[in-house]
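Whatever order the structure lists them in is the order used to number ligands and atoms, beginning at 1. The structure presented is a predicted model; accordingly, all values stated were derived computationally and were not measured.
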Amino acid sequence: MSINRRVSTLDEFTIQQLRNFPNATGELSNLLRDIGLAAKRVNVEVNKAGLVDILGDAGSTNVQGEDVKKLDVFANNQFMGVLRHGISCAGIASEEFDDIIVFNDEISNHSKYVCVFDPLDGSGNIDVNVSIGTIFGVYRRVTEKGKPCGIEDFLQQGTKLVAAGYVIYGSSTMMVYATRRGTNGFTLDPSIGEFTLSHPDIRCPEDGKIYSVNHGNFFQYDEGVKKYIDTCQKKNKTNGGPYTQRYIGSMVSDMHRNLLKGGIFMYPGTTDKPKGKLRLLYECNPFAFIIEVCGGKATNGKQRILDIAPGALHERTAFFGGSKLMMEELEGFLLKG
Ligand code: P6P
């Protein structure tokens, strides 16, 4: 008997969510649809990135005489543009800007949410055709509605996130987002130009056999991290292995694979960079939120990522996140040191 599975587009899904919660204002659904729209526009340009010679390199003008923007600047402008002209967002914090961007118009000042973005994470991989992604988080503003948003709206702990997600521009383009009610993945169907529900209710397997870390920094890691990596390499059929090491150098890609298949992703602090490389607000908090909604764990090695009180927009943190049992084994090594 064929299963008549109704395919939901992102718009249909978010509207259905709204129907399920009649008290909702619809602002979050609108915001997520806005992000989906911007993602589709970014996807078009990312897919052309290999044609730089024809389209012109960033900073040049292309055959149409248009200024060619760096892709991450282009991506940033797309996400900022849809949110500025939407009804749900009072302002954004982005990797591309030193300070917050306050939209400060009558409608935006009455909006309920603010967003944090890494508009195009891993953009250094574009010229070698490796998957890259957008990472975002959504907070309910804490400043008074009717007035412009402020820095305090953005320096909230990750536990205050209302939603978080990412877009992966890979072999297919997917948008994955989590709310407290669950995590769902939508694959872009080019035939209709819509994100369609392809991965309902994503759960991170409790255990896994994939560990992701940059081995190039191995000798700069703390002893506990080195001992855990050493243990991963020694896993075999008799002790829960063998493990495989997978590290693409694109957080969205590494995290997406580990989320679906089970695994652990690590960007530890090093002697050169004790707080690591990844940014708390718009890389680590969104993924920590998604991982926890999916049943996994995420810490900085000492503290739950979502509990960290941000002190600055672009502060960095060490990041360990993934399958619950793998994280608990790692934590044992970190405790011993
Ligand atoms: P490294 C990309 O530049 C990024 O911010 C993440 O997407 C990725 O996980 C990490 O840096 C890779 O850093 O130092 O291992 O090249």
Side-chain angles (χ1 to χ4, degrees), residues 39 42 46 49 58 70-76 79 93-98 116-137 164-171 173-176 204 208 210-222 225-226 228-229 232 244-261 263-291 296 298-301 305 312-322 326-327 330:
V42 171
V46 165
K70 280 181 63 180
L71 262 181
D72 39 16
V73 173
F74 173 83
N76 182 74
F79 288 104
S94 166
E95 187 191 37
E96 292 298 317
F97 294 118
D98 291 342
V116 295
F117 270 103
D118 185 352
L120 207 58
D121 179 71
S123 50
N125 290 304
I126 290 172
D127 49 8
V128 292
N129 214 13
V130 166
S131 301
I132 53 179
T134 298
I135 311 168
F136 65 90
Y166 58 89
V167 181
I168 179 168
Y169 309 99
S171 47
T173 295
M174 271 189 75
M175 177 168 160
V176 176
C204 181
I210 298 171
Y211 73 100
S212 305
V213 70
N214 184 337
H215 271 275
N217 299 329
F218 182 84
F219 292 104
Q220 292 196 52
Y221 294 148
D222 292 344
V225 175
K226 287 195 278 192
Y228 175 70
I229 294 173
C232 291
T244 187
Q245 201 266 353
R246 287 285 182 274
Y247 189 76
I248 300 178
S250 167
M251 185 181 194
V252 173
S253 306
D254 282 317
M255 289 301 303
H256 181 66
R257 179 202 53 242
N258 291 5
L259 197 61
L260 297 185
K261 292 180 176 282
I264 187 168
F265 174 88
M266 299 175 274
Y267 205 105
T270 61
T271 42
D272 290 352
K273 299 177 188 170
K275 294 201 85 176
K277 170 185 182 184
L278 301 180
R279 311 287 186 165
L280 174 62
L281 249 66
Y282 40 77
E283 291 176 318
C284 299
N285 264 338
F287 269 115
F289 181 86
I290 295 164
I291 288 170
T299 76
N300 65 359
I305 289 284
L313 284 182
H314 302 286
E315 76 177 63
R316 301 174 194 268
T317 178
F319 182 86
F320 304 86
M326 297 181 85
M327 284 293 295
L330 164 72

among protein heavy atoms, the one nearest atom 16 (O) of ligand 1 is K277 NZ, 3.9 Å
Counting from 1 in the order shown, the ligand 1 atoms closer than 4.0 Å to a non-hydrogen atom of M251 are 6 (C), 7 (O), 8 (C), 9 (O)
closest protein heavy atom to atom 14 (O) of ligand 1 is Y267 OH, 2.6 Å
Below 4.0 Å from ligand 1: does a non-hydrogen atom of E283 turn up there or not? yes
| query | Do ligand 1 and N214 have nitrogen or oxygen atoms that lie under 3.5 Å from each other? | reply | yes
Inset, instruction - Verify the distance criterion only: is there a donor paired with an acceptor across the side chains of N125 and S250 at less than 3.5 Å? - result: no
So the atoms of ligand 1 within less than 4.0 Å of a heavy atom of F265 turn out to be 9 (O)
Heavy-atom closest pair (F79 atom, V42 atom, distance to 0.1 Å) is CE1-CG2, 3.8 Å
Check this for me - ligand 1, D254, N or O atoms closer than 3.5 angstrom, yes or no?
no
| query | Within the side chain of Q245, is there an N or O that forms a donor-acceptor pair under 3.5 Å with the backbone of V213? | reply | yes
- Query: Going by heavy atoms, is D121 under 4.0 Å from ligand 1?
  - Reply: yes
The protein heavy atom nearest to atom 12 (C) of ligand 1 is Y247 OH, 3.3 Å
Would you confirm whether R279, through its side chain, and H314, through its main-chain N or O, come within 3.5 Å as a donor-acceptor pair?
yes
Note: P274 and T271 closest approach over all heavy atoms is CD-O, 3.9 Å
Point to revise | Donor-acceptor contact below 3.5 Å, side chain S212 vs main chain Y247 | key: no
query = In this structure, are over 12 heavy atoms from other groups packed under 6.0 Å from D272 atom CG?
reply = yes
